[in-house]
Each structure stands twice: as C-alpha cells, then as structure tokens.
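Below is one structure, written out as structure tokens; comments come after it.
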Protein chains: 2
Amino acid sequence: MGITSPRAELKRAELAGRLGCNLETIRYYEKIGLLPEPARTASGHRLYSNGDQVRLRFILRARSLGFSVEDVRSLLGINDGRPSCADVKALAEAHRGDIRKRIADLRQMDRRLGEIMAGCTGAETPDCALTDNLFEDR
Amino acid sequence: MGITSPRAELKRAELAGRLGCNLETIRYYEKIGLLPEPARTASGHRLYSNGDQVRLRFILRARSLGFSVEDVRSLLGINDGRPSCADVKALAEAHRGDIRKRIADLRQMDRRLGEIMAGCTGAETPDCALTDNLFEDR
DNA sequence: CTTGCCTCTGTACCGACTACAGAGCGTAAC
DNA sequence: GTTACGCTCTGTAGTCGGTACAGAGGCAAG
C-alpha cells in the first residue's frame, strides 16, 4: 500500500490533511449539501469513506479552476441530475468567459494605474500625482 | 453654469446619480468612516457639500482602480495623517503587484481549463473529459 | 388631502469560507 | 486510575464590500 493510497475510514482532520484543505471547509461543504452526511462513530465523530474523498477532491479541483459553488453543484448533478458533456461544456465555456472578462478588467486597472503613477515621483512631499489625479475635477 | 457643475447642497440620491454609484453605498462609506457625517436639514435629511462630492469621487475612483477600502483610508490620510508621495507610491506598487498576481492566477486557470476541455466533445452523453479529469485518481 | 416618491433607521443578505467558544471524547503516559 | 493533551462536536460570528429591504416619516404636486 502506497503512502497516499486511500484508506476506508478517515477522520475529518485526516481528510483535510490529505487533500490540503481547511478542516472547517469540509463541514461547510456538508452543510451546503456538496458533500453527503458521512458515517459516524458511536460517539458521533465523522468517518469519511474513499468515495467521500473522491468527491471532495472533485469539489476542490473544480473550485481551484474557479468554478462557483453553484457550478460545482451542477457539475455534480445535484441540481438536475447528472449533466451531459454538452451541459458541462456550456458551463465551462461560460466560466471561461467570466475568467477572461476578469483578466481584461484587471489588465485595464493595471494600465490605468501605470498611467497615473507615471507622474508619481516618490518624494517625501505630500504632493502626489496619484492622489491629485483622483481628486481632479473632471 | 454647466450641466455637471457642482451645486452646494445635494441630497443623497442626487449625489449618487451624479457620481454613478449606488444610493446605499454613500451611507455605507459614512458608516465605515470614509465619508464624514454630512450636514442635515431640519428634518434630518442629508445634505452634501461640494467637498463631500469631491471626496466621494476620490473614493469611487480609487475603488475602481482596485484599491481596498483600507487602502483608500490610507490614501485619504485617515489612518496616519496625509501620506507622502513616497507612501502613496509604495501603496500603489504593492497594489499593482496584487493585481498582477491575480492576473497570473486567472491566466493559469484559463490555461488549465483549456487543457482539460480539449477532450470535451460536447456530446449529449454523460461521459465528459472535464468531469472525468476532476474525478481522476491522481 | 391624498398620492407618490423621497428619506430615514436598523438589519439581513450575498459568496465562500474561517475562526472561535464551550462541551465532549479518546488515548497514552504516569 | 487518572490526568493531560489533543481531537471532535455543535452553533454562531466574523471577513469584504457592498446591496436590499421593511417600516416609518417627510415633502411637494395636483
């Protein structure tokens, strides 16, 4: 058995440690219905199966690609049953559009900031091209 | 007097309309201390001076450049008195660094998404390269 | 005088977590 | 056996930057 091979029953902190997420995130995903309620020990401690681990990994990867929690819900088939490849593709294309818009917005911010800062001397005086620009009566 | 020339006393909705922000945003900035408490009519309605308008415009412009509310507080000299040009430059450079990191992160997301979607046929079947990839045991 | 729109206040909600308080459980050492 | 430590449980509050809404009151036109 390899070091990272799945084990049948993991506690919450073990699962979080393996997948590199915050401890509380797991409980949060359970609360909002992304993760099913796991098995419990007699005293009420959560026990995560290999399937739980696979599902959480899916969620974390989708989130790391920038999909929203609602998107993940759709990808998992929680809303309307398991989505077709066409559904997934549409969701992903829309998401990519969002990402590109956000990049464009940030690039514009960077460019504007660069323009305004061009006159910023960095002197120890209160006169500053940047603040002057923002106060300007345009 | 031009159409957009400043007028001494504006009501909240007039100010919001002129500067193109949400009505409630103004009250919010007052609450968190970015805007001072304005003058009031006898019955308690807010009246904004030309100076208030200049200050709000500064805040909105800074926010549109992506500065955080805390950054704006510093730029306005609310924290430690009016900042020097050197202070402003340092703040702006740090902020630009943040913007560029966010762009890099988004570009990586876009790239990864593109790679994964390459195998996505868009067929009406439940088999999908994207979801398969996220479920994969790696 | 009524109608309709403005303003006021406080509070709840958004997304996606994260943190913390206070209680209980599990186990290893002594 | 008991004590100490660390993990888990629950519910709730805080983060950021607003946005929305309820319920009350003001103000001007018709």
Side-chain angles (χ1 to χ4, degrees), chain A residues 7 9-35 37-48 52 56 58-76 78-79 94-95 98-99 102 105-106 109, chain B residues 9-35 37-48 52 56 58-76 78-79 95 98-99 102 105-106 109:
Chain A
R7 177 155 55 84
E9 308 288 286
L10 293 171
K11 285 189 231 157
R12 192 151 59 102
E14 288 171 332
L15 182 58
R18 271 179 190 235
L19 299 190
C21 77
N22 187 289
L23 180 65
E24 296 296 300
T25 301
I26 297 174
R27 196 160 61 104
Y28 173 68
Y29 287 159
E30 181 184 331
K31 186 178 153 197
I32 64 172
L34 288 190
L35 287 175
E37 292 191 24
R40 301 263 188 165
T41 66
S43 61
H45 289 198
R46 290 172 180 81
L47 287 178
Y48 293 97
D52 293 327
L56 177 56
F58 179 100
I59 296 166
L60 294 172
R61 283 179 185 160
R63 292 284 305 122
S64 81
L65 287 170
F67 287 105
S68 71
V69 162
E70 280 314 299
D71 287 344
V72 176
R73 219 183 277 280
S74 297
L75 292 174
L76 283 169
I78 294 171
N79 291 327
H95 175 48
D98 276 1
I99 289 175
R102 283 156 66 193
D105 289 349
L106 287 169
M109 264 185 208
Chain B
E9 308 287 284
L10 293 172
K11 285 188 230 159
R12 190 151 60 102
E14 287 171 333
L15 182 59
R18 271 181 189 234
L19 298 190
C21 78
N22 187 290
L23 180 65
E24 297 296 300
T25 302
I26 297 174
R27 196 159 61 105
Y28 173 69
Y29 287 159
E30 181 184 332
K31 185 177 153 196
I32 64 172
L34 288 190
L35 286 174
E37 293 190 21
R40 299 264 187 166
T41 66
S43 60
H45 289 200
R46 289 172 179 83
L47 287 178
Y48 292 97
D52 291 328
L56 177 56
F58 179 99
I59 297 167
L60 293 172
R61 283 178 185 160
R63 291 284 304 121
S64 81
L65 286 171
F67 286 105
S68 72
V69 163
E70 281 313 299
D71 287 345
V72 177
R73 220 183 276 281
S74 297
L75 292 174
L76 283 169
I78 295 172
N79 290 328
H95 175 49
D98 276 1
I99 289 175
R102 282 155 66 193
D105 289 348
L106 286 169
M109 260 185 210

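Proteins get letters first, then strands, A, B, ... in listed order; numbering begins at 1 in each. Values below: every heavy atom of this structure, side chains too, minus hydrogens, waters and symmetry copies. These numbers come from a predicted model, not from an experiment.
- With hydrogens and angles disregarded, a donor-acceptor distance shorter than 3.5 Å links the side chain of A:H95 to the backbone of A:L65.
- For the pair B:L56/B:Y48, no side-chain contact is recorded, criterion being any heavy-atom separation below 4.5 Å from C-beta on.
- When side chains are defined from C-beta on, A:L10 does not count as touching A:L47, because their heavy atoms never get closer than 4.5 Å.
- Contact of B:R27 with D:dG18 (side chain to base): no donor-acceptor pair of N or O atoms is detected under 3.5 Å.
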Protein-nucleotides 3-8 of chain D N/O pairs under 3.5 Å:
from  : atom 1 : to    : atom 2 : distance (Å)
D:dT8 : OP1    : A:A13 : N      : 3.4

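- When side chains are defined from C-beta on, B:L60 counts as touching B:C21, because their heavy atoms get closer than 4.5 Å.
- The side-chain hydrogen bond (donor to acceptor under 3.5 Å, both in side chains) search around B:R102 returns none, not counting sequence neighbours.
- Ion pair B:E70/B:R73 flagged as a salt bridge, since at least one NZ, NE, NH1 or NH2 atom sits closer than 4.0 Å to an Asp/Glu carboxylate oxygen.
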| message | Run the side chain to side chain contact (heavy atoms under 4.5 Å, CB included) test on B:K11 and B:T41 for me, step by step, so that the C-alpha distance in whole Å, both residues' side-chain angles and the decisive distance to 0.1 Å come before the verdict. | response | CA-CA 10 Å; B:K11 285 188 230 159; B:T41 66; over 6 Å; no
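- Listed in residue order, the members of residues 60-70 of chain A having a heavy atom less than 4.0 Å from DNA chain D come to none.
- Under the side-chain contact (heavy atoms from CB on, under 4.5 Å) test applied with B:R46, the options B:R27, B:E37, B:E9 reduce to a single match, B:R27.
- At least one side-chain heavy atom of A:L35 sits less than 4.5 Å from a side-chain heavy atom of A:I59.
- Taking side-chain N and O atoms only, B:N22 has no distance below 4.0 Å to OP1 or OP2 of D:dG17.
- The shortest side-chain heavy-atom distance between A:M109 and B:F67 does not fall under the 4.5 Å cut-off.
- Chain A approaches DNA chain C over the interval C:dA16 to C:dG26, counting the first and last nucleotide 5' to 3' with an atom under 4.0 Å from its heavy atoms.
- Take B:N22 and apply the side-chain hydrogen bond (donor to acceptor under 3.5 Å, both in side chains) test, not counting sequence neighbours, and it matches no residue.
- Less than 4.0 Å separates DNA chain C from no heavy atom of any residue of residues 28-35 of chain B.
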| Going through the checks in order, is the side chain to side chain contact (heavy atoms under 4.5 Å, CB included) test met by B:L75 and B:F58? | CA-CA 10 Å; B:L75 292 174; B:F58 179 99; 3.9 Å; yes
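- A distance-only check finds a donor-acceptor pair linking the side chain of A:R12 to the backbone of A:L23 [under 3.5 Å].
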